Visitor: 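This structure is in structure tokens; I'll ask about it shortly.
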Amino acid sequence: MEAFQLLSRGGVKFDKKRFKTDVQLFSKDTPAATSEKISEGELPGELDYFKYAPGGSGKRKAEGDGTTAKALKKRKVEEDNEDEDEDEKHSDAEEEDEDANGTEETPSRPRQRVVTKGSDIPAHADTFSAMAERYQISSLLLSNLTANGYNDPTGIQSYGIPILLESRDLAAISPTGTGKTLSYLLPIMSSLRAPSSSANSDAGAGVRAVVVAPTRELAHQIHNECLKLAQGRKWRVVLFSKATAGTLADKSARDKVDIIISTPLRLVASIKSGGLELSNVRHLVLDEADRMLDAEFFPQVEEILAACSHPQIQKAVFSATLPANAEKMAMQMLKDPIRVVVGLKDTPLPLISQSLTYVADDPSKLPSILGYLAKPYNPPVLIFTSSQPRATSLAQELVLNGVSNVDCLHAGMTKKEREDAVSRMRRGESWVMVSTEVMARGMDFKGIREVVNYDFPTSVQSYVHRIGRTGRAGREGKAVTYFTDDDAPFLKAIANVLLQSGSTVPEWILKLPKPSKLKRRQMGKVKRAEIVNPARKIGRSDAIKKRDMIAGSKRRAARKPSPTAGVE
DNA sequence: AAAAAAC
């Protein structure tokens with residue numbers, strides 16, 4: 001409710017009921033219906049991460065074009081805002097309300113808070129056609145955009161694409177599900193002009209663009225997005241894997257590759273084996289940058305950076321979260337960077353209604369989730385656990401307790417199992433997906449309506465990314481987080497995140513004292529065993545293969561979830 | 001603090 005109160009401020013008309021029925025507003029599958037519905041349920045500026053002004057729909061009043069003196073003045077103010085301090089978020093949020101009042105009538109520009117920092121920042125572009133005109137984006141690329149439902153740029157696209165097209169380095173921070181992938185893919189493909197294989201290419205030999213992402217699944221998804229943009233020309237976009245690494249060992253084949261999408265370790269392995277040459281790479285993107293720069297990944301990223309030796313390389317980092325230390329590292333690897341922050345850093349979308357559920361201790365979680373899934377829910381639901389064995393065992397327990405269409409996905413599974421699980425998810429065959437942190441970042445399953453943190457996330461960043469699997473591209477979402485007594489030391493930090501993004505938190509949680517470092521360390525040491533239902537008679541030794549059970553559950557198709565909101 | 005990231 002408080003979220004709605006927040007939504008209602010700023011003098012913007014907002015019909016909640018209507019909006020609720022329009023949760024598919026931004027669906028790329030229904031572009032025709034999009035503009036019509038969007039103009040009816042309006043969001044105030046600070047919550048509007050999407051630019052949805054339907055050019056010429058005539059329903060919205062157009063009173064400015066984003067280049068007014070007021071707009072320019074506002075931009076100046078934004079640029080002067082250093083946004084260095086983590087603690088300033090609340091005051092910023094307050095200011096945004098005024099911003100929303102002042103600028104909400106300009107439909108042709110993104111109206112959410114965008115803060116830019118850096119030298120000679122290129123002007124943002126409000127439409128894809130404006131970008132195309134300014135930067136000579138090919139008509140093919142442009143038509144591929146519209147063919148795939150990209151009609152109007154989101155905030156990060158409006159600001160990020162011009163920056164990248166002017167060959168500047170960029171650190172982009174924009175909430176989950178606001179179109180970061182396109183923000184870097186479009187400029188890469190436009191800058192490359194033509195495939196290496198084409199006759200008029202003067203690109204020189206070798207791979208010219210590299211995108212790194214932390215999981216195979218995400219790399220795969222980025223590759224798919226890239227292929228959509230590549231339609232109609234002979235681009236060679238390679239999803240780097242064991243197999244493709246082999247084919248690229250041949251130099252002549254390698255020189256025909258335009259873009260590589262990869263996980264870091266795969267790339268490093270190929271560099272080290274001498275099979276991969278990155279000295280002609282002109283564009284390097286780190287997606288989920290804070291993850292790529294953390295202790296485990298950074299050594300690999302360093303090697304990739306070293307291998308990309310071309311003096312004119314453009315580098316960009318993207319994420320929804322970028323803690324101070326990661327940002328510092330990012331800024332060091334970038335040259336004269338521009339920093340763009342859309343919305344509030346490290347904050348979930350207000351479209352996701354979040355709640356915290358007390359479950360006392362670990363054994364109490366299973367009855368809670370079974371109760372949750374026994375009631376009507378919005379499939380598919382994504383459930384996060386803290387480890388692979390717990391993901392597997394929870395999936396087993398759900399199946400054994402009669403929950404239908406349960407799937408499991410973690411990195412301990414085979415490549416094929418992982419791929420199958422993702423495609424079941426994409427086809428809408430999974431109603432309940434139990435997973436680990438591997439699914440936390442970047443994955444864009446448009447249908448996900450609910451996220452359950454069965455195990456408490458171990459950082460604010462993890463929380464923000466996990467729940468960001470729902471509420472994508474303007475849809476509403478719901479996120480439930482279980483917490484036990486053991487989770488208390490981190491509870492307050494997460495509770496503050498809920499507050500920040502317009503959800504409510506029980507009073508007593510906010511009154512919790514700030515936990516000591518020691519306590520937090522202890523909390524981290526809490527070991528959670530596999531999930532077993534003591535009430536159930538069947539033992540773990542029944543030696544039923546998990547996948548058989550899951551397949552069986554599909555055949556049984558027992559309890560059907562009754563969706564409470566409109567399903568596609 | 002755990003999971004993830006090759007072969």
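For clarity, every value in this text was computed on a predicted model and none was experimentally measured. Lettering of chains follows the sequences in order, A, B, ..., and the numbering in each one begins at 1.
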Visitor: Quick one: A:Asp455 CG to B:dA1 P, roughly how many Å, whole number?
Guide: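 The answer, rounded to whole Å, is 16 Å.
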Visitor: Do A:Lys365 and A:Tyr454 form a cation-pi contact, if we require the NZ or CZ to be under 6.0 Å from the six-membered ring centre and within 45 degrees of the ring's axis?
Guide: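 Yes, a cation-pi geometry holds between A:Lys365 and A:Tyr454.
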Visitor: Take atom CZ of A:Phe297 and atom P of B:dA1, then tell me their distance rounded to the nearest Å.
Guide: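 After rounding, the reported distance stands at 20 Å.
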Visitor: Is A:Arg390 near enough to B:dA2 that one of its side-chain N or O atoms lies under 4.0 angstrom from OP1 or OP2?
Guide: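 Answer is no, no contact under 4.0 Å.
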Visitor: Kindly say if A:Thr263 contacts the phosphate of B:dA6, meaning a side-chain N or O under 4.0 Å from OP1 or OP2.
Guide: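 Yes, within the criterion.
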Visitor: Between A:Leu218 (CG) and B:dA5 (C1'), how many Å, whole number?
Guide: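 Taking CG of A:Leu218 and C1' of B:dA5, I get 12 Å after rounding.
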Visitor: Students often get this wrong, so: under 4.0 angstrom with heavy atoms, is A:Pro264 touching a base, only sugar-phosphate, or nothing?
Guide: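 No contact.
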Visitor: Look at all strands and tell whether A:Arg466 reaches a base, only sugar-phosphate, or nothing, counting heavy atoms closer than 4.0 Å.
Guide: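 No contact at all - A:Arg466 keeps every heavy atom at 4.0 Å or more from the nucleic acid.
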Visitor: Grab the CZ-P distance between A:Phe456 and B:dA1 for me, whole Å please.
Guide: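 Spelled out: CZ on A:Phe456 to P on B:dA1 is 15 Å.
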Visitor: Inspect the contact between A:Lys272 and A:Glu303 and indicate whether a charged nitrogen and a carboxylate oxygen are less than 4.0 angstrom apart.
Guide: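 A salt bridge links A:Glu303 with A:Lys272.
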Visitor: A:Thr215 side chain: which of B:dA2, B:dA6, B:dA5 is closest?
Guide: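 Closest nucleotide among those given: B:dA5.
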Visitor: In whole Å, I'd like the distance from the CG atom of A:Asp287 to the C1' atom of B:dA5.
Guide: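 That distance rounds to 15 Å.
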Visitor: Taking only residues two or more places apart in sequence, or in another chain, which ones meet A:Tyr372 in a ring pair (Phe, Tyr, Trp, His ring centres under 6.0 Å)?
Guide: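 Not a single residue meets the ring pair (Phe, Tyr, Trp, His ring centres under 6.0 Å) criterion with A:Tyr372.
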Visitor: Using the ring of each side chain (for Trp, its six-membered ring), is A:Trp508 parallel, tilted or perpendicular to A:Phe483, with breaks at 30° and 60°?
Guide: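 Plane angle between 30° and 60°, so tilted.
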Visitor: Quick one: salt bridge (charged side-chain N to carboxylate O under 4.0 Å, His left out) partners of A:Glu302, sequence neighbours excluded?
Guide: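 A:Glu302 satisfies salt bridge (charged side-chain N to carboxylate O under 4.0 Å, His left out) with no other residue.
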Visitor: Grab the CZ-P distance between A:Arg418 and B:dA5 for me, whole Å please.
Guide: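 Result: 4 Å.
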Visitor: In this structure, how many angstroms lie between the P atom of B:dA5 and the NZ atom of A:Lys415, rounded?
Guide: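 A:Lys415 atom NZ is separated from B:dA5 atom P by 12 Å.
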Visitor: Less than 4.0 angstrom between a side-chain N/O of A:Arg291 and OP1 or OP2 of B:dA2, yes or no?
Guide: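 No, A:Arg291 has no side-chain N/O under 4.0 Å of OP1/OP2 on B:dA2.
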Visitor: So if I take every side-chain heavy atom of A:Ser387 and compare against B:dA6, B:dA5, B:dA2, which nucleotide ends up nearest?
Guide: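 So the nucleotide nearest the side chain must be B:dA2.
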Visitor: Counting heavy atoms from C-beta on, name the nucleotide in B:dA6, B:dA1, B:dA5 closest to the side chain of A:Val438.
Guide: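 Among the listed nucleotides, the one closest to the side chain of A:Val438 is B:dA5.
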Visitor: Would you mind reading off the distance between A:Glu288 atom CD and B:dA5 atom P, rounded to a whole angstrom?
Guide: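 Computing the A:Glu288:CD to B:dA5:P distance gives 13 Å.
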